[in-house]
Amino acid sequence: MKVKINNNHRAAIERKLRSVDYWRRHPMSLQECLLQFKRLREQRFARESKSTLSTSLP
């Protein structure tokens, strides 16, 4: 089966490639990288605790 790629797929691929190219030219410092991981952990914790609370309610 042949995969069909529409304009939305092409636009998403193009955005992703532009992002990869940007970050190749502007790498993050170690400090920036650690701060981003910290923010992502906090967001994940908030999301998971929110879903845990909503499923445990009667």
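Everything quoted here is computed from the prediction, not taken from an experiment. Heads up: numbering here begins at 1 and tracks the sequence.
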Student: What residues form a side-chain hydrogen bond (donor to acceptor under 3.5 Å, both in side chains) with R10, not counting sequence neighbours?
Tutor: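 For R10 the side-chain hydrogen bond (donor to acceptor under 3.5 Å, both in side chains) partners, ignoring immediate neighbours, are N7.
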Student: Are L40 and L34 connected, step by step, through hydrophobic side chains (Ile, Leu, Val, Met, Phe, Trp, Tyr) whose heavy atoms are closer than 4.5 Å?
Tutor: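 No, L40 and L34 fall in different hydrophobic clusters.
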Student: Just verifying a value: how many Å separate K38 NZ and C33 SG, rounded to the nearest 0.5 Å?
Tutor: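 Those atoms lie 14.0 Å apart.
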Student: Which residues pass the salt bridge (Lys or Arg N to Asp or Glu O under 4.0 Å) test with E14, not counting sequence neighbours?
Tutor: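 Counting only residues at least two positions away or on another chain, E14 forms a salt bridge (Lys or Arg N to Asp or Glu O under 4.0 Å) with R18.
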Student: Taking atom CZ of R25 as the centre, does the number of heavy atoms from other residues, nucleotides or ligands within less than 6.0 Å exceed 12?
Tutor: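 More than 12 within 6.0 Å, yes.
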Student: What residues form a side-chain hydrogen bond (donor to acceptor under 3.5 Å, both in side chains) with R47, not counting sequence neighbours?
Tutor: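 For R47 there are no side-chain hydrogen bond (donor to acceptor under 3.5 Å, both in side chains) partners, ignoring immediate neighbours.
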Student: Distance from L35 atom CG to R39 atom CZ, nearest 0.5 Å?
Tutor: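 Here the rounded value is 6.0 Å.
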